[in-house]
Participant: 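The structure under discussion is supplied below as structure tokens; questions concerning it will follow.
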Amino acid sequence: MPPSSASLALLSRLPEWYRSTARDLPWRRPAFHDEFGAWGVLVSEFMLQQTPVTRVIPHLDAWLARWPTPKDMSAASTAEVVQQWANLGYPRRALWLHRAAVEITDRHGGVVPRDVDALLALSGIGDYTARAVAVFAYGDRHPVVDTNTRRVLARAVEGRAQPGPPSRRDLDLMGSLLPDDVAAAAEFNAAAMELGATVCTARSPRCELCPLADGCAWLAAGRPDTGDERRRQAAYEGSDRQARGAVLRLLRGSAPDAVPLVAVIPDWPDLRQRDRAIDSLIADGLAEADGEGLSLPR
DNA sequence: GAAACGTGGGA
DNA sequence: TTCCCAAGTTT
């Protein structure tokens, strides 16, 4: 469904709002781009996958200080990157980022690719991250669609409280809304994300501050709860994920030393679950077992 | 398409 | 206190 002219007119207010209210985030500073280039953007995007901005910032600084280029990181060990990832969560991202650094070094001469398909071919990079790098690092014109953008479009354009499940149509819709001008398109992408992150939030949206308020389909309808509940996140307490987290936290704390297997969270309430966690961490390449016990991959 | 995958902070 | 959910990707 092509966007209505009303939608286009409404969303055209985003850039001005963005220029006057955007947060001063590290990866938006010219000096950041001068110093770290597309690599800095790529690292920031990996960390921002499902981890809040405020938690990412200090880790990003430390990461780039240690590994300022893809080649630097490609020379690091798996244990080092998992250790440096610390408590950012979803530690497989650290493996993927490391692998991507190796791929960039080997296949692209150490230069983060600019082409979206080349970016998509790197490990840990999907539709969002590939286009975010192409747009925010290289200034190209592509639709960048994250959860914030999807929520803004769901509300302002479709009149729904929450976006439906992610789909190819999100990309198509955002692509059809993008300004023709390349620089304007990049800013439009950033503005939609920023609005979703700071005003059009998942809970307690601040419609009184929204530049789209008087044209928002959802607000006009009285902010209905459209019923399309987001699927509930599985319980963390008592989950395999929690067990994996506990094991990995222990290994990070002991590194570079191995932990004897009998000393790996021996008091965990469900020992079969503990063993499952150990096995799956090994299978994922996040841990390694040898005669000394369990450790981060050497 | 659904499920799996960490961690911590705010409401 | 409990629940929600955060710049997603992979299988």
Side-chain angles (χ1 to χ4, degrees), chain A residues 18 22-23 25-28 40-60 82 85-97 99-100 119-137 142-152 161-171 174 186 189-198 200-206 225 229-252 273 276-277 279-281 283-287:
Chain A
Y18 178 75
R23 293 167 294 173
L25 300 174
W27 44 90
R28 290 178 177 165
V41 174
L42 179 58
V43 173
S44 74
E45 296 297 349
F46 263 87
M47 291 185 172
L48 287 164
Q49 292 170 1
Q50 298 286 281
T51 299
V53 166
T54 51
R55 287 182 56 205
V56 161
I57 291 174
H59 287 280
L60 178 64
V82 173
W85 194 258
N87 63 341
L88 274 172
Y90 290 150
R92 289 186 295 186
R93 289 181 291 165
L95 295 183
W96 293 334
L97 178 53
R99 206 171 298 153
L119 286 162
L120 284 170
L122 299 174
S123 69
I125 294 191
D127 282 334
Y128 166 77
T129 303
R131 290 171 179 79
V133 170
V135 171
F136 300 134
H142 304 282
V144 181
V145 178
D146 75 336
T147 187
N148 292 305
T149 295
R150 298 198 313 110
R151 187 171 52 249
V152 167
Q162 302 292 342
S167 85
R168 173 80 211 182
R169 307 168 59 78
D170 304 328
L171 268 184
M174 190 63 176
N189 279 309
M193 291 171 63
E194 182 77 356
L195 187 72
T198 63
C200 192
T201 51
R203 286 183 298 177
S204 310
R206 304 157 73 186
D225 189 347
E229 303 270 325
R230 158 177 307 217
R231 220 179 42 258
R232 267 190 64 167
Q233 200 171 54
Y236 183 65
E237 189 65 30
S239 67
D240 283 14
R241 292 158 82 175
Q242 186 186 33
R244 283 169 54 104
V247 171
L248 204 53
R249 179 174 11 258
L250 174 66
L251 298 187
R252 281 198 308 264
Q273 181 178 60
R276 228 171 22 245
D279 290 343
S280 72
L281 286 169
D284 286 349
L286 283 164

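Note that these values count all heavy atoms, side chains included, but never hydrogens, waters or copies made by symmetry. Residue numbers begin at 1 in each chain, while the letters A, B, ... track the order of the sequences.
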Participant: What does Thr54(A) touch in the nucleic acid at a heavy-atom separation under 4.0 angstrom: a base, only the sugar-phosphate, or nothing?
Facilitator: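 Here Thr54(A) touches no strand at all.
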Participant: To the nearest Å, how far apart are Gln49(A) CD and dT10(C) P?
Facilitator: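 One finds 8 Å between P of dT10(C) and CD of Gln49(A), rounded.
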Participant: Say you pick atom P in dT11(C) and the same atom in dG6(B); how far apart are they, in whole Å?
Facilitator: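 Those two atoms are separated by 14 Å.
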Participant: Using only heavy-atom distances, decide whether a donor-acceptor pair under 3.5 angstrom links the side-chain of Arg92(A) to the base of dT9(C).
Facilitator: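 Side chain to base: no pair present.
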Participant: For Ser167(A) and for Gly89(A), locate the closest nucleotide of DNA chain B by heavy-atom distance; then report the residue assigned to the nucleotide nearer the 5' terminus.
Facilitator: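 The 5'-side residue here is Ser167(A).
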Participant: Please state how far atom CZ in Arg93(A) lies from atom P in dA4(B), giving the value in whole angstrom units.
Facilitator: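 Distance, rounded to whole Å: 19 Å.
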Participant: Quick one about Arg244(A) and Ser280(A) (side-chain donor to acceptor, distance below 3.5 Å, no hydrogens or angles considered), yes or no?
Facilitator: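 Side-chain D/A pair, Ser280(A) to Arg244(A): present.
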Participant: Please tell me if the side chains of Asn87(A) and His59(A) come closer than 4.5 Å, counting only heavy atoms from C-beta onward.
Facilitator: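 Asn87(A) reaches His59(A) side chain to side chain.
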Participant: How close or far is atom P of dA7(C) from atom CG of Asp170(A), stated in whole angstroms?
Facilitator: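 It works out to 16 Å between those atoms.
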Participant: On DNA chain C, compare the nucleotides closest to Ile125(A) and Asn148(A); which residue's is nearer the 5' end?
Facilitator: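 That would be Asn148(A).
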Participant: Closer to the 5' end of DNA chain B via nearest nucleotide, is it Ser204(A) or Pro91(A)?
Facilitator: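 Final value for this comparison: Pro91(A).
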Participant: Rounded off to whole Å, could you give me the CZ-to-C1' distance for the Phe46(A) and dT10(C) pair?
Facilitator: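 My rounded result for the distance is 12 Å.
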Participant: Using a heavy-atom cut-off of under 4.0 Å over every strand shown, decide if Asp127(A) touches base, sugar-phosphate, or nothing.
Facilitator: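 Here Asp127(A) touches the backbone only, sparing every base.
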Participant: Side chains of Thr147(A) and Tyr128(A), heavy atoms from C-beta outward: is any pair under 4.5 Å?
Facilitator: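 Contact flag for Thr147(A)/Tyr128(A) side chains = no.
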Participant: Using whole Å, what does the distance between atom C1' of nucleotide dG6(B) and atom CZ of Arg249(A) come to?
Facilitator: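 It is 9 Å, rounded to the nearest whole Å.
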Participant: For Thr201(A) and for Gly124(A), locate the closest nucleotide of DNA chain C by heavy-atom distance; then report the residue assigned to the nucleotide nearer the 5' terminus.
Facilitator: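 With Thr201(A) and Gly124(A) compared, the 5'-side residue is Thr201(A).
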Participant: To the nearest Å, how far apart are Leu88(A) CG and dT9(C) C1'?
Facilitator: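 Distance check: Leu88(A) CG to dT9(C) C1' gives 16 Å.
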Participant: At under 4.0 Å between heavy atoms, what does Arg276(A) touch on the DNA or RNA strands: base, sugar-phosphate, or nothing?
Facilitator: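 Nothing, no heavy atom under 4.0 Å.
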Participant: Using the P atom on both, measure dA7(C) against dA11(B) and round to a whole Å.
Facilitator: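 Straight-line distance between the two P atoms is 14 Å.
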Participant: Side-chain N or O of Arg244(A) versus OP1/OP2 of dG6(B): is the shortest distance under 4.0 Å?
Facilitator: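 Yes, Arg244(A) has a side-chain N/O under 4.0 Å of OP1/OP2 on dG6(B).
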Participant: If you look at every strand shown and take non-hydrogen atoms under 4.0 Å, does Leu248(A) touch a base, only sugar-phosphate, or nothing?
Facilitator: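 Leu248(A): no heavy atom of the nucleic acid under 4.0 Å.
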Participant: Between the base of dC5(C) and the side chain of Gln233(A), is one N or O donor paired with an acceptor at under 3.5 angstrom?
Facilitator: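 Counting by modelled atom types and ignoring angles, a donor-acceptor contact under 3.5 Å is found here.
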Participant: Any chance CZ of Arg206(A) has more than 12 other-residue heavy atoms, nucleotides or ligands included, within less than 6.0 Å?
Facilitator: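 No - once you tally the heavy atoms of other residues, nucleotides and ligands closer than 6.0 Å, there are 12 at most.
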Participant: Respond yes when some side-chain nitrogen or oxygen of Arg151(A) is under 4.0 Å from OP1 or OP2 of dA6(C), and no when none is.
Facilitator: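 For Arg151(A), the contact criterion (side-chain N or O under 4.0 Å from OP1 or OP2 of dA6(C)) is met.
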Participant: Does dG6(B) have its OP1 or OP2 closer than 4.0 Å to a side-chain nitrogen or oxygen of Asn87(A)?
Facilitator: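 Negative; the distance criterion is not met.
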Participant: Heavy atoms only, 4.0 Å cut-off, all strands: where does Arg131(A) land among base, sugar-phosphate and nothing?
Facilitator: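 Nothing, no heavy atom under 4.0 Å.
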Participant: Please tell me if Gln50(A) has a side-chain N or O lying less than 4.0 Å from either OP1 or OP2 of dG8(C).
Facilitator: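 Yes, Gln50(A) has a side-chain N/O under 4.0 Å of OP1/OP2 on dG8(C).
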Participant: Tell me whether the side-chain N/O atoms of Ser123(A) come closer than 4.0 Å to OP1 or OP2 in dT9(C).
Facilitator: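 Indeed not, no polar side-chain atom of Ser123(A) lies that close.
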Participant: Output the rounded distance in Å from CG (Leu25(A)) to P (dA6(C)).
Facilitator: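 About 16 Å, once rounded to whole Å.
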Participant: Can you check the Tyr90(A) OH to dC5(B) C1' distance for me, whole Å?
Facilitator: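 Rounded to whole Å, this separation is 5 Å.
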Participant: Under the 3.5 angstrom rule, does the side chain of Gln242(A) hit a backbone N or O of Gly238(A) as a donor-acceptor pair?
Facilitator: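 Checking the backbone N and O of Gly238(A) against the side chain of Gln242(A), a donor-acceptor pair under 3.5 Å is found.
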Participant: Looking at every strand, decide which applies to Trp85(A) at a 4.0 Å heavy-atom threshold: base, sugar-phosphate, or nothing.
Facilitator: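 Contact class for Trp85(A): none.
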Participant: Kindly say whether, by distance alone, the side chain of Thr51(A) makes a donor-acceptor pair under 3.5 Å with the base of dG6(B)?
Facilitator: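 Answer yes: a donor N or O sits under 3.5 Å from an acceptor.
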Participant: Quick check against the 3.5 Å criterion: does Arg28(A) have a side-chain atom that pairs as donor or acceptor with the backbone of Ala22(A)?
Facilitator: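 No; judged by distance alone, with no hydrogens or angles, the pair does not exist.
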Participant: Counting only distance, no hydrogens or angles, is the base of dG6(B) paired donor-acceptor with the side chain of Arg241(A) under 3.5 Å?
Facilitator: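 Result: at least one qualifying N/O pair found.
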Participant: Would you say the side chain of Asp170(A) lies within less than 4.5 Å of the side chain of Pro163(A), judging by non-hydrogen atoms?
Facilitator: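 No, side chains not in contact.
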Participant: Is the shortest side-chain N/O distance from Tyr236(A) to OP1 or OP2 of dT7(B) below 4.0 Å?
Facilitator: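 Result: yes.
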